[in-house]
Amino acid sequence: MEENKDLNTEFENTEIQQETVTESKKVSFFKRFKFKNSNKIKNQFLLKKGSYSIAITAIVIAGIIIFNVLVGVLQDRFVLEYDFSTQKENSISKENVDFVKDVKDEVSVVFCAAEETYSSYMSYYAQQYNVMSGGTDYYEQTLKLINKYSEYNKKIKIKYVDTQSSEFSEISSKYSGENITYGDIVVSCNKNGVERHKVIGFKDIYSLYDDQTYTSMGYVTSTIDGNNIENALTSAIFYVTSEKAKKVAFIMGHTSTDGTASYKKLLEDNNYEIDMVTDGIISSVSDKYDAVVIPAPNSDFLGSEIDALSEFLNNDGKFGKGLIFFADVNAPYLTNLYDFLGEWGISVEEGILFETDEGNYLPDDPTTLGSYNSGNDDITSGMNLCITGYNVPLTAEFESREEYTVTQLMATPESTIAAPKGSGVDFAGADNYEGKSYATAIQSARTSYDSDNNEISSYVTAFGSVDLRDPQNNESATVATKNLTLAVAERSCGSENTEISFITKSLSNESFSDSVSQKSYVFIIIIFMFILPIAVLVAGIYIFIKRRNS
């Protein structure tokens with residue numbers, strides 16, 4: 001019994017051991033199975049995560065490549081830059097950009113100089129104009145602005161030709177009537193089989209200031225104080241692509257002192273063709289002219305001459321002509337001429353305008369005063385102030401009569417008096433006169449209708465002074481004297497609202513790094529020293545935390 005008991009016990013122990021071994025094998029198997037599956041899942045996860053990272057990296061790289069390609073394409077079509085200079089001196093004005101973009105014809109702009117040496121050589125060549133510029137900044141600025149034209153419009157081809165090359169000899173022969181020299185720019189366009197060209201010279205490009213120190217010794221030097229390349233080049237492009245030339249005759253037979261040099265230059269810059277009519281007596285005015293200018297006459301017109309002016313303005317009933325008159329404060333009373341202006345509703349009185357409000361005249365000169373937009377005509381839109389000296393009093397005889405309508409364009413405040421003729425800046429009797437608002441620019445329109453019932457008009461405009469110098473303020477954006485006289489010419493020639501205007505814009509020597517405005521400077525500092533570094537830091541922290549948690 002005891003043996004059987006022992007055998008049973010041994011058998012049970014053996015069975016338990018076998019079960020234990022079996023369980024141990026099972027546990028080991030499941031452990032191995034679990035471990036193998038865990039590694040597989042982990043590897044799959046890592047593979048998936050690695051693929052995701054690779055994909056993100058690839059997308060970012062592809063995005064950078066696409067962005068660079070896109071910037072290159074856009075750079076070919078647009079000017080992707082921002083001018084931080086205070087007055088935007090390193091960029092073309094919006095008005096000119098809009099015009100340049102709209103040019104439809106192929107325009108050749110040949111710069112008679114090698115691009116890489118122009119700036120350094122120009123200081124030497126400028127000496128032939130008695131210019132001691134003392135630097136290359138303006139010349140480098142010229143290159144910058146010229147090259148922008150082809151960026152805005154691919155139809156404008158910029159080409160640099162070395163004056164020592166055979167190609168320059170061919171150009172000189174082609175335009176043998178022009179005296180083309182180093183640094184000149186030849187702008188041309190072949191339109192309808194006819195080529196028009198214009199040569200831009202040194203004095204067209206650069207604004208010069210004359211040093212009078214050695215005038216008594218017969219020696220005058222100049223320095224460059226502005227860059228006019230933008231307006232000079234755009235004006236030339238407009239001229240060669242334009243189909244209609246504006247023609248103006250200056251009637252000089254009754255003028256002893258021509259004070260309209262700046263006005264003629266302004267018109268020429270805006271592509272007017274000007275003829276100087278020097279006949280002592282005019283018998284007729286050709287209808288080839290769009291307008292006539294009578295600058296500061298000091299002798300009266302004959303009745304036959306007045307008839308010739310009237311016939312010109314009537315234009316066989318077609319109208320569409322203009323007359324611009326500049327008064328001379330030193331002239332005697334011109335009965336026939338002033339009666340003619342009176343028929344158009346413009347009254348020219350004797351005397352000289354004298355400003356009693358010291359806040360409205362230049363220091364120590366009450367005869368050089370400010371006049372302001374009367375708000376009666378859209379031709380003066382955006383023009384607030386004109387500054388002129390030695391004004392003859394002008395008034396409107398009527399506002400409207402039959403076919404005539406009279407409009408004051410610019411007028412003085414009521415603090416202005418009409419002092420006796422010959423009064424100077426030291427006139428002491430102003431308290432004996434009553435202040436009154438006088439016109440300094442006044443325009444009369446004679447309007448009718450053609451056979452198609454279209455409105456047609458001729459214009460007569462009178463300016464109280466021939467003085468357009470705008471002392472100390474000639475190029476100020478707030479002074480509109482030049483803008484007004486040009487706008488009057490445009491209307492008189494029938495070109496109102498159809499052309500681009502080119503008013504000289506002086507670009508100072510501070511148009512580079514030293515002219516970056518304080519606002520722009522702060523803007524750059526904030527972006528590159530704070531916003532971008534902080535953005536990169538925040539992005540890095542976010543990615544680090546995201547990856548760690550995952």
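For the pair Thr368 (side chain) and Asp365 (backbone), a donor-acceptor distance under 3.5 Å is absent. Asp300 places a side-chain N or O within donor-acceptor distance of the main-chain N or O of Asn336, the cut-off being under 3.5 Å. Looking at Asp450, its side chain does come within 3.5 Å of a backbone N or O of Asn453 through a donor-acceptor pair. Side-chain atoms of Asn360 never come within 3.5 Å of backbone atoms of Asp357 as a donor-acceptor pair (strictly under, hydrogens ignored). At least one donor-acceptor pair closer than 3.5 Å links the side chain of Lys157 to the backbone N or O of Lys154. Between the side chain of Asn315 and the main chain of Gly317, no donor-acceptor pair closer than 3.5 Å is present. Between the Lys247 side chain and the Asp287 main chain, no donor and acceptor come within less than 3.5 Å of each other. Asp279 places no side-chain N or O within 3.5 Å of a backbone atom of Ile281 that could act as its donor or acceptor partner. Proximity of a side-chain donor or acceptor of Thr416 to a complementary backbone N or O of Thr412 within less than 3.5 Å is not detected. With hydrogens and angles disregarded, a donor-acceptor distance shorter than 3.5 Å links the side chain of Thr241 to the backbone of Ile237.
The shortest distance between side-chain heavy atoms of Ile146 and Ile229 falls below 4.5 Å. Contact check for Cys386 versus Leu484: side-chain heavy atoms found under the 4.5 Å cut-off. Using a 4.5 Å cut-off on side-chain heavy atoms (C-beta onward), Ile171 and Val161 make contact.
Cation-pi geometry between Arg446 and Tyr459 is not met: the NZ or CZ atom fails to fall both under 6.0 Å from the ring centre and inside 45° of the normal. Geometrically, Lys198 engages Tyr239 in a cation-pi contact, judged by NZ or CZ lying under 6.0 Å from the ring centre and within 45° of the ring axis. Judged by the 6.0 Å and 45° rule, Arg401 forms a cation-pi pair with Phe398. A cation-pi arrangement is present between Lys246 and Tyr272, with the terminal nitrogen or guanidinium carbon under 6.0 Å from the aromatic centre and inside a 45° cone about the axis.
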Derivation of the side-chain hydrogen bond (donor to acceptor under 3.5 Å, both in side chains) call for Glu349 and Thr395: CA-CA 8 Å; Glu349 302 177 11; Thr395 57; 3.1 Å; yes
Would you check, one step at a time, whether the test side chain to side chain contact (heavy atoms under 4.5 Å, CB included) holds for Leu267 with Leu486? CA-CA 7 Å; Leu267 295 182; Leu486 180 59; 4.2 Å; yes
Ile294 and Leu309: side chain to side chain contact (heavy atoms under 4.5 Å, CB included), yes or no, with the steps? CA-CA 11 Å; Ile294 303 176; Leu309 295 174; 4.0 Å; yes
Residues Arg491, Asp290; criterion salt bridge (charged side-chain N to carboxylate O under 4.0 Å, His left out); working and verdict: CA-CA 10 Å; Arg491 174 176 282 181; Asp290 298 298; over 6 Å; no
Walk me through whether Asn391 and Thr388 qualify under side-chain hydrogen bond (donor to acceptor under 3.5 Å, both in side chains). CA-CA 7 Å; Asn391 291 271; Thr388 50; 3.0 Å; yes
Check against side chain to side chain contact (heavy atoms under 4.5 Å, CB included), Tyr263 and Phe250: CA-CA 11 Å; Tyr263 189 48; Phe250 276 63; 4.1 Å; yes
Could you go step by step and tell me if Phe319 and Thr447 meet the side chain to side chain contact (heavy atoms under 4.5 Å, CB included) rule? CA-CA 8 Å; Phe319 292 10; Thr447 303; 5.9 Å; no
Where do Asn147 and Tyr160 land on the side-chain hydrogen bond (donor to acceptor under 3.5 Å, both in side chains) test, with the steps shown first? CA-CA 11 Å; Asn147 288 329; Tyr160 292 86; 2.9 Å; yes
CA sep, side-chain torsions, deciding dist, call: Glu355, Ser415, side-chain hydrogen bond (donor to acceptor under 3.5 Å, both in side chains): CA-CA 6 Å; Glu355 180 58 73; Ser415 53; 2.5 Å; yes
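Every side-chain hydrogen bond (donor to acceptor under 3.5 Å, both in side chains) that Ser299 has, sequence neighbours left out, goes to His254. The salt bridge (charged side-chain N to carboxylate O under 4.0 Å, His left out) test applied to Glu195 returns Lys174, not counting sequence neighbours.
Nearest heavy atom pair, residue Met252 against residue Pro295, reads SD-CG, 3.6 Å. The two residues Ile306 and Leu337 come nearest to each other via the heavy atoms CD1-CA, 4.0 Å. For the pair Gly464 and Leu394, the tightest heavy-atom approach, listed with the atom from each and the gap, is N-CD1, 3.4 Å. Closest of all the heavy-atom pairs between Gly320 and Ser458 is N-OG, 3.3 Å. Shortest non-hydrogen contact noted between Ala327 and Phe325 is CA-CZ, 3.6 Å. Minimum interatomic distance between Ala480 and Met383 (heavy atoms only, all atoms of both residues): CB-CB, 3.6 Å.
To the nearest 0.5 angstrom, Ser371 atom OG is 7.0 Å from Leu385 atom CG. Rounded to the nearest 0.5 Å, atoms CZ (Phe354) and OG1 (Thr356) are 8.0 Å apart. From Ser150, atom OG reaches atom CD1 of Ile156 across 8.0 Å, with rounding to the nearest 0.5 Å. With rounding to the nearest 0.5 Å, the separation of CD in Glu305 from CD1 in Ile251 is 9.0 Å. A distance of 5.5 Å separates CG of Leu341 from CD1 of Ile346, quoted to the nearest 0.5 Å. In this structure, CD in Gln443 is found 8.5 Å from CD1 in Ile324, a value given to the nearest 0.5 Å.
A 6.0 Å sphere centred on NZ of Lys318 holds more than 12 heavy atoms belonging to other residues, nucleotides or ligands. For Lys159, the NZ atom sits in a loose shell: 12 or fewer heavy atoms of surrounding residues, nucleotides or ligands are nearer than 6.0 Å.
The aromatic ring centres of Tyr206 and Tyr139 sit less than 6.0 Å apart.
Of the N and O atoms on the side chains of Asn376 and Thr407, not one donor lies less than 3.5 Å from an acceptor on the other residue. With hydrogens and angles left out, the side-chain atoms of Tyr449 and Asn454 include no donor and acceptor closer than 3.5 Å. Side-chain polar atoms of Asn96 and Tyr149 form no donor-acceptor pair below 3.5 angstrom.
Using cut-offs of 30° and 60° on the angle between ring planes, the pair Phe463 and Phe326 is parallel.
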Anything under 3.5 Å between a donor and an acceptor, one on a side chain of residues 103-113, the other on a protein residue two or more places apart or in another chain? List them.
from: Lys104; atom 1: NZ; to: Asp102; atom 2: O; distance (Å): 3.0
from: Asp105; atom 1: OD1; to: Lys191; atom 2: NZ; distance (Å): 3.4
from: Asp105; atom 1: OD2; to: Lys191; atom 2: NZ; distance (Å): 2.7

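No salt bridge links Glu414 with Lys436; every basic N to acidic carboxylate O contact stays at or beyond 4.0 Å.
Under the ring-ring contact (aromatic ring centres under 6.0 Å, His included) test applied with Tyr338, the options Phe301, Tyr333, Trp344 reduce to a single match, Tyr333.
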